S.K.: 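Okay, here's the structure, questions in a sec.
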There are 2 protein chains.
Amino acid sequence: MKEGPDIALIGSLIGDPARANMLTALTGGKALTATELAGTAGITLQTASSHLSKLEAGGLIAQRKQGRHRYFTLADDDVGLMIEGLMGFAAYRGFTRHRTGPKDPALRKARVCYNHLAGDYGVRMLDSLVAEEVIAGVGDKLQLTKSGEGKITALGIDLAALVKSRRPVCRTCLDWSERRSHLSGSLGQALLTLFLDKGWAKREPESRAVRFTGTGEREFAKLFPLPASSTVERVHKHTVEA
Amino acid sequence: MKEGPDIALIGSLIGDPARANMLTALTGGKALTATELAGTAGITLQTASSHLSKLEAGGLIAQRKQGRHRYFTLADDDVGLMIEGLMGFAAYRGFTRHRTGPKDPALRKARVCYNHLAGDYGVRMLDSLVAEEVIAGVGDKLQLTKSGEGKITALGIDLAALVKSRRPVCRTCLDWSERRSHLSGSLGQALLTLFLDKGWAKREPESRAVRFTGTGEREFAKLFPLPASSTVERVHKHTVEA
DNA sequence: TTCATACTTCGATCATCATCGAAGCATCCG
DNA sequence: CGGATGCTTCGATGATGATCGAAGTATGAA
């Protein structure tokens, strides 16, 4: 009927307050679950699910299934850019944000995620492994490098046994406290087992928290030095048009 | 925590197809009456009136009473930029209302973006101005160079008047068809006015399209030479014969 | 296995709002 | 003045869609 792109479609997606709240929350760059998004939007889980499927159908968000959780993120940088543009436009009006509430600090520091290490330490470990070129590639596809194989074997991990198992050796797992990837897969499991076996860390009795000992802290820091760029946040690339 | 209707308000305003059509029509830069807008949106005058009052309450449009007519325009440059940005996002996602209508190639070649030139010609003009060092800086921050001031003045543009206005002289605007920046701001407006005044180009009656005359094409090419290799491919792709 | 958690789907309700007919203002013209 | 035009307001209707309860699915935990 009319010429040009359909802005009404996108507008209607953003136009609903619940969806706008969800998108605003996701603009933070962290992956959030449906339950969390429902909380920030102030609606029930059923309604949130409906909204999320609409947003996904509209290509604004993407989901990543992780066990029984579904982590939602903005589809790509373009979406973030567009939403931030709208927020900038609406700057002369008041705007509200909802932040994820604080959690148990011990859990945030180090905890068990199914069978591997998660939390700040887990993220830091993967960062270091990638920086040291033990593991190549970031994202869903991780692979052990040649030199990395030697380094892992030197730790006393039976790499052949890991490879033999049907499970993938290296895998990313999205961290709920850090909202960044940490190492999963059979190698991730083997490393956590190693820490526990060596007595570097102990599991808290009635919690998922993992408590590192003094020696464990030192050994961990020595084994997985903090890369200089590890604290760099994953912010949206605001590429500038030339 | 519950209320965050900033982008939701704007989104809902744009989210209605009738309003989106009106806003798209107003992006042409011409002041339009309620009757005209009702026609382009395909709705009755009563419905249009309701929509227009909502758009005005939302600060997206402004009206100017003149006799028994009411002329509506976009509220300011920011609205035009925001809508053009949304169009770029929508076009990139393939959200088009009508599969490449007959006017589509003409629109891609040269069109009015609220009050300045957009499309292939708009992008090309900015490319050339930057290459010729009339305008310095890339991205959001554009600035006229010393030598550029002379060149603009030589065209017969009253630069002092542009500077005097509160609006920025040079500004980027994201092109929805080219997905690159073209020149906005008071200088962008002045240049488009220049083309129209000199008779180099004419506005299509009921469209955003701008049609350059033969002389206009030549003068434009002379004034804004194509920088070496960067845009050849794109120009060839979107250039329309006749 | 059984239970719990996370989420989806179905179904029904309810509110919003886009739409248009009709009437009401306002302005211009003759 | 009367009549015509441009637009707004009122009121009723109808459709879309947001919402949530209940039930269903999938995965993890005990």
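Given the structure is predicted, the values throughout are model-derived calculations rather than measurements. Lettering of chains follows the sequences in order, A, B, ..., and the numbering in each one begins at 1. All heavy atoms count here, side chains included; hydrogens, waters and symmetry mates do not.
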S.K.: How many Å lie between NZ on B/Lys65 and C1' on C/dC28, as a whole number?
M.R.: 13 Å

S.K.: Is the side chain of A/Thr145 donor-acceptor paired with the backbone N or O of A/Ile135 at a distance under 3.5 Å, no angle test?
M.R.: no

S.K.: B/His51 has a side chain; which of D/dA22, D/dT19, C/dA18 sits nearest to it?
M.R.: C/dA18

S.K.: If the cut-off is 4.0 Å, is A/Thr44 near the phosphate of D/dG21, judged by side-chain N/O to OP1 or OP2?
M.R.: no

S.K.: Find the distance A/Leu52:CG to C/dT9:P and express it as a whole number of Å.
M.R.: 11 Å

S.K.: Side chain of A/Arg68 only, please: which of C/dA18, C/dA6, D/dT8 is the nearest?
M.R.: C/dA6

S.K.: What do you reckon, is CD of A/Glu133 surrounded by more than 12 foreign heavy atoms closer than 6.0 Å?
M.R.: no

S.K.: Would you kindly give the CG-to-P distance between B/Asp16 and C/dC20, to the nearest whole Å?
M.R.: 11 Å

S.K.: Could you tell me whether B/Glu84 and B/Arg208 have a side-chain N and a carboxylate O separated by less than 4.0 Å?
M.R.: yes

S.K.: Is there a side-chain contact between B/Arg70 and the phosphate of C/dT27, meaning an N or O under 4.0 Å from OP1 or OP2?
M.R.: no

S.K.: Which of the following nucleotides, D/dT9, C/dC7, D/dA18, is nearest to the side chain of A/Leu45?
M.R.: C/dC7

S.K.: Any base atoms under 4.0 Å from A/Ala48, or only sugar-phosphate, or nothing? Heavy atoms, all strands.
M.R.: nothing

S.K.: Nearest to the B/His69 side chain among D/dA26, D/dC20, D/dC7, which nucleotide is it?
M.R.: D/dC7

S.K.: Can you measure B/Glu36 atom CD to D/dT5 atom C1' for me and round it to whole angstrom units?
M.R.: 14 Å

S.K.: When we call it a touch if two heavy atoms are under 4.0 Å apart, what does B/Thr47 touch: a base, just sugar-phosphate, or nothing?
M.R.: base

S.K.: Using whole Å, what does the distance between atom P of nucleotide C/dA6 and atom CD of A/Gln66 come to?
M.R.: 14 Å

S.K.: Among D/dA22, D/dC7, D/dA18, which nucleotide has an atom closest to any side-chain atom of B/Thr33?
M.R.: D/dC7

S.K.: Looking only at the side chain of A/Lys54 (C-beta and beyond, no hydrogens), which of the listed nucleotides C/dG21, D/dG17, D/dA22 gets closest?
M.R.: D/dG17

S.K.: What is the distance, to the nearest angstrom, from the CD atom on A/Gln46 to the P atom on C/dC10?
M.R.: 14 Å

S.K.: Rounded off to whole Å, could you give me the CG-to-P distance for the A/Leu37 and D/dT19 pair?
M.R.: 14 Å

S.K.: Salt bridge or not between B/Asp78 and B/Arg171? Use side-chain N to carboxylate O under 4.0 Å.
M.R.: yes

S.K.: Any cation-pi pair here, A/Arg124 with A/Tyr121, using under 6.0 Å and within 45°?
M.R.: yes

S.K.: Please give, in whole Å, the distance from D/dT27 C1' to A/Gln63 CD?
M.R.: 15 Å

